[in-house]
Amino acid sequence: MGEFVGVAPDRLEKLTAQLKRLHEILADRGSVIQRKMEKWDAQVGFGALPRLVDTARDDARDMETRTERAYELARLKGWDPKAPVMGMPGHVPGPIPPPVVPLDWKATGRSGFQAERDATALVTAMDGENPEGKRAALREAAEKLRLHPKDNDYLRTFLQIAGPTTAQAARVLSDGDHSEGTLFSCQDQGVLTALAGALAAAGSLRTGSGKDARPLMSDATRAALTRAKDPWSVGMLLKHGPSGKNWDSRLLADITRSLLDARKAGTISFPPTRSGNGSSDLGGDVFRFQKVLADHDPVIAALNRSAENGKAARHVLGDPDRGLTYTRMLVDDSWRTPGADSFHRRPAPPGGMTDPSPKIGQVDLSSHVGTFLEAAASAKRGGGTDARESAWSVVNIAKATAEFSRLNPEKVLPAETRRALNFAIDRYLPDFAASARLGVPSEAVLSKRSANGLWVSYFSHSELKGLLKQALHDEKDLGKLLGSMDARLSGATKATVLDPSDQNYLSEMAALYGFVSKIEADRNFTEAEKKDAQNKRDATFLSMISGGFGALNFTKAVGPTTSAQVFTSLAQPPLNQALDTDHATDAMKSNAEVFYDRVLRVKIPVVQGLINAGAIDVERDASWFRDGVLTPNAEFANWYSMNAQKKVAGKELEEWVRITEADMQTQRGMTP
């Protein structure tokens, strides 16, 4: 039995209003009061202020629920607030106050009780036929959710009842006349934000602990999101919801797969956009119409959130069984909004076009695809699940790209997609190098060449060739990759020196040079393009070397696993992907006699690698070596001349350089 008390609903309503006002004042002015008091050196502690704000909000919320319930009980007792009132002699006529009613004070203050009432009200309204009533109910539900932040009991009960209903919210809110081509008012955008925030929290939170832990989100709500009858509405929840980092990665991946499937099947129904005069094409402004389509594409919203999450993108593409199917959808040249001409003829969902040729006003959406592909390939190298999915993602990206090249020999992928391909190549350069030398089937395997295991991607020669053909279409991309490979020779040298199993990482790098050189020859660049490629190569190389790239050190015992770790780690691109190549180019031009010596290009990373391996001791006052980084100058050239015949790690220094150059030249003449 609950704790029943007699309450007067009208007096409870006044108390609720006062509590709301208290919360508003504390939330709005509390921080200002705190700053002023601290400025005046007041000896008053304000550590409890945030807690007081939360308490005031909770009290106001609970009292509002009690007030609503009290009025319901009064009406059940026959009280009618609209009943006509007869004036008594000597008294001014007025409404009859509600009677005192017995209220279960404890039960009405529980989150679960409040959630059940709020969710039931929403479902009832959404099942009705009144569009404005539905929108009002959604706005009310969003306001209730904002009053229950991080309240697991409320979220669980609310979404268990109304979760599937929230998946329809965007369609209901957009079903109105909106000026300027917008689909949602600012208020309704806030509604979607509140609903999506609740869904994201429910997807990430767990109830129970240990083996008894279960997702807070019910199976029915999850199904409504991942097998949605209205994929567009679900996409809008993602668009207006929190960052992808706030979503459960598995849930986000399932939603993304579902929307990609819907895009392929052509089952995404986009709501009509109407201007003030009801015109379906925004007054004939095709370009503005296309912008609205692009801004409200549900698949793009899912790709963006999954890319922000990172793991979600890797779940989608890094699945050995299903990942290739979705990668094929992404590695394509048809990522645009539907053409306006086809839209005027018949309804067509965003992305549902099969004709890849551009049409009037179409918006290029490939930048979102490129960002998603990068996220799928960006996990830290290692032996865990995330590293495995990232490795498989890169394999699937290579397979899908090679397949696209084979089926469309004259087509070139969009620049943003090619940017992602080069990103993947850069991060997995050791794997591409090993594949170029070995010629193995495409797959991701857990290599034993690392102490704790290392997921490695392997690529067949045909898929490696197809990937490079698309990735290196632009001469500057070619130059950047070659410059990055030049700088990584230091890592290959160090790993070769340290590996007692005679694994030759330099030969692997040289094999990749051969593949890249063949692509360069096939491209038939003009002299101006070749010069641009060479400048980009020099600038990238210098940026990575002078920026400390390749100067990492490892203190573990020397062995095959250590060597693989050295090569893999040193072959990773810099943390800051935006290399300062402009600055590097200026430095290069100021010391042209050094950097236009192509042989010296090989000497620098080879010597850096030998230093890193501990095979060369550099004098403390050497001007060309500071903080573990080799910065070539005239003194370095003199030092090299004097030490060229010196024995280093079993070979003369000059022989190390000569072997590397010979491997590169041998592979340059190969035809993959």
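Just so you know, these numbers come straight off a predicted model, no measurement behind them.
Counting heavy atoms from C-beta on, the side chains of Asp230 and Ser269 never come closer than 4.5 Å. Using a 4.5 Å cut-off on side-chain heavy atoms (C-beta onward), Leu138 and Leu195 make contact. At a threshold of 4.5 Å between non-hydrogen side-chain atoms, the residues Ser306 and Lys311 do not count as touching. Put simply, the side chain of Glu416 does not reach to within 4.5 Å of the side chain of Val369, judged on heavy atoms. Taking the side chain as every heavy atom from C-beta outward, Leu330 and Leu260 approach each other to under 4.5 Å. A 4.5 Å side-chain heavy-atom check between Thr221 and Gln160 finds every atom pair outside the cut-off. Using a 4.5 Å cut-off on side-chain heavy atoms (C-beta onward), Thr371 and Asn304 make no contact. Residues Val394 and Leu317 are not in side-chain contact: their nearest non-hydrogen atoms beyond the backbone lie 4.5 Å or more apart.
Counting only distance, with no hydrogens or angles, the side chain of Thr157 and the backbone of Tyr154 share no donor-acceptor pair below 3.5 Å. Of the possible polar contacts, one joining the Gln362 side chain to the Thr337 backbone as a donor-acceptor pair under 3.5 Å is found. Arg305 contributes a side-chain N or O that, together with a main-chain N or O of Gly241, makes up a donor-acceptor pair within less than 3.5 Å. Side-chain N or O atoms of Thr417 include none that pairs as donor or acceptor with a backbone N or O of Val331 at under 3.5 Å. Side-chain N or O atoms of His240 include none that pairs as donor or acceptor with a backbone N or O of Met236 at under 3.5 Å. The backbone N or O of Trp455 sits nowhere less than 3.5 Å from a side-chain atom of Arg388 that would complete a donor-acceptor pair.
Summarising the geometry of Pro231 relative to Pro298, their closest heavy-atom pair is O-CB, 4.0 Å, with the distance given to 0.1 Å. Nearest heavy-atom pair across Ala194 and Leu145 is O-CD1, 4.1 Å. When every heavy atom of Asn309 is checked against every heavy atom of Ala312, the shortest pair comes out as OD1-N, 3.0 Å. Looking at every heavy atom in both residues, Ser457 comes nearest to Ala391 through OG-O, 2.8 Å. Residue Leu155 comes nearest to Ala198 through the heavy atom pair CD2-CB, 3.6 Å, listed as atom of the first residue, atom of the second, then distance. Closest approach of Trp335 and Met329 over heavy atoms only: NE1-O, 3.0 Å.
We find that Asp254 and Arg222 are joined by a salt bridge, their nearest charged nitrogen and carboxylate oxygen being less than 4.0 Å apart. By the 4.0 Å N-to-carboxylate-O rule, Asp188 lies close enough to Arg139 to be salt-bridged with it. One finds no salt bridge joining Glu140 and Lys134 here, because no Lys/Arg side-chain nitrogen approaches an Asp/Glu carboxylate oxygen to under 4.0 Å.
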Point to revise | Intermediate values then yes/no, side chain to side chain contact (heavy atoms under 4.5 Å, CB included), Leu251 and His315 | key: CA-CA 10 Å; Leu251 173 63; His315 294 334; over 6 Å; no

Check your understanding: Can you list the steps and then say if Arg314 with Ser378 is a side chain to side chain donor-acceptor pair (under 3.5 Å)?
Key -> CA-CA 9 Å; Arg314 295 188 280 279; Ser378 62; 3.3 Å; yes

Check your understanding: Checking salt bridge (Lys or Arg N to Asp or Glu O under 4.0 Å) for the pair Arg156/Glu116: CA distance, chi angles, key distance, verdict?
Key -> CA-CA 10 Å; Arg156 179 174 55 251; Glu116 183 177 356; over 6 Å; no

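There is no side-chain donor-acceptor pair under 3.5 Å between Thr226 and Ser258. The closest side-chain donor-acceptor pair between Ser390 and Tyr428 falls under 3.5 angstrom. Between Asp319 and Tyr326, the side chains place no donor N or O within less than 3.5 Å of an acceptor N or O (distance only, hydrogens not considered).
For the side-chain contact (heavy atoms from CB on, under 4.5 Å) with Leu237, the lone residue among Thr193, Ile255, Leu199 that qualifies is Leu199.
Heavy-atom neighbours of Lys144 NZ from other residues, nucleotides or ligands within 6.0 Å: above the threshold of 12. Few gaps surround CG on Asn130; more than 12 heavy atoms of other groups in view lie less than 6.0 Å from it. Counting non-hydrogen atoms of other residues, nucleotides and ligands closer than 6.0 Å to CD of Gln168 gives a total above 12.
Considering OG of Ser204 and NZ of Lys245, their distance stands at 14.0 Å, rounded to 0.5 Å.
The aromatic rings of Trp232 and Phe270 stand perpendicular to each other, their planes meeting at an angle above 60°, with 30° marking the opposite boundary.
Taking the six-membered ring for Trp and the full ring otherwise, His148 and Phe158 have centroids separated by 6.0 Å or more.
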